[in-house]
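Let me begin by presenting the structure, written as structure tokens, before commenting on it.
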Amino acid sequence: SGYQAITRSGRDALRKSDLEQIRSALEIYKSENGRYPLAQATCVPALPTSYINPYPADPRPTSSQYCYVWKSNLTYQLCAHLENGLTADSSCGSQNLCTASCNYQVVNP
């Protein structure tokens with residue numbers, strides 16, 4: 001229905017905003033430490049709470065999660081699953097760590 005489509009769009013907008021918030025924290029961390037943080041757990045960067053608190057979670061955590069993949073000291077992937085739009089991108093979170101197929105990603109600038 002129309003209401004469900006609006007709700008999905010709202011959650012997708014929140015996901016994009018959350019990923020931008022995480023990206024911003026990652027950039028601040030890198031500027032202060034000279035590298036991006038390692039992953040502390042599956043899909044989560046080892047960012048101290050002084051950089052981001054609370055760490056955002058997908059608005060529907062039972063269906064998917066945000067996925068941070070550390071590639072090197074200077075590169076990473078940050079992925080999410082949007083409910084509307086794009087088809088799954090297998091290169092997003094290349095280790096298949098998203099609990100749902102990722103179809104949206106943010107990378108370091």
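Residues take their numbers from the sequence shown, with the count starting at 1. This structure is a prediction, so every number in the text was calculated from the model and none was measured. As a basis for the values below, the full set of heavy atoms in this structure was taken, side chains included, without hydrogen atoms, waters or symmetry mates.
Here the OG-CD distance, from Ser50 to Glu32, works out to 7.5 Å after rounding to the nearest 0.5 Å. Separating the CG atom in Leu38 from the CG atom in Leu47 is a distance of 11.0 Å, to the nearest 0.5 Å. Between atom CD1 of residue Ile28 and atom CD1 of residue Ile52 there is a gap of 9.0 Å, rounded to the nearest 0.5 Å.
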Should Lys30 and Leu74 be marked as a side chain to side chain contact (heavy atoms under 4.5 Å, CB included) after you check the CA-CA gap, both sets of side-chain angles, and the distance that decides it?
CA-CA 8 Å; Lys30 180 182 165 262; Leu74 302 177; 3.6 Å; yes

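The side-chain heavy atoms of Cys67 and Leu78, taken from C-beta on, include no pair separated by under 4.5 Å. At a threshold of 4.5 Å between non-hydrogen side-chain atoms, the residues Gln21 and Pro56 count as touching. For the pair Tyr36/Lys71, no side-chain contact is recorded, criterion being any heavy-atom separation below 4.5 Å from C-beta on. The shortest distance between side-chain heavy atoms of Val106 and Gln77 does not fall below 4.5 Å.
Of the possible donor and acceptor atoms, one in the side chain of Arg23 sits under 3.5 Å from a partner among the backbone N and O of Val107. A side-chain donor-acceptor contact under 3.5 Å links Arg15 to the backbone of His81. Here the side chain of Asp12 pairs no donor or acceptor atom with the backbone of Leu82 at under 3.5 angstrom. A donor-acceptor pair under 3.5 Å is absent between the side-chain atoms of Ser17 and the main chain of Ala13, judged by distance alone. Side-chain atoms of Ser24 do not come within 3.5 Å of backbone N or O of Glu20 as any donor-acceptor pair. Counting only distance, with no hydrogens or angles, the side chain of Asn33 and the backbone of Arg35 share no donor-acceptor pair below 3.5 Å.
Shown here for Tyr55 and Pro45, the closest heavy-atom pair between the two residues is OH-CD, 3.1 Å. The shortest non-hydrogen separation linking Pro48 to Ala46 is CD-O, 3.7 Å.
Counted by atom type alone, Tyr66 and Asp18 present one or more donor-acceptor pairs between their side chains at under 3.5 Å. For the residue pair Thr75/Asn108, the side-chain donor-acceptor check at 3.5 Å is not satisfied.
The side chain to side chain contact (heavy atoms under 4.5 Å, CB included) check on Pro54 picks up nothing, with sequence neighbours excluded.
Note: Tyr76 and Tyr68 meet the aromatic proximity criterion, with ring centroids under 6.0 Å apart.
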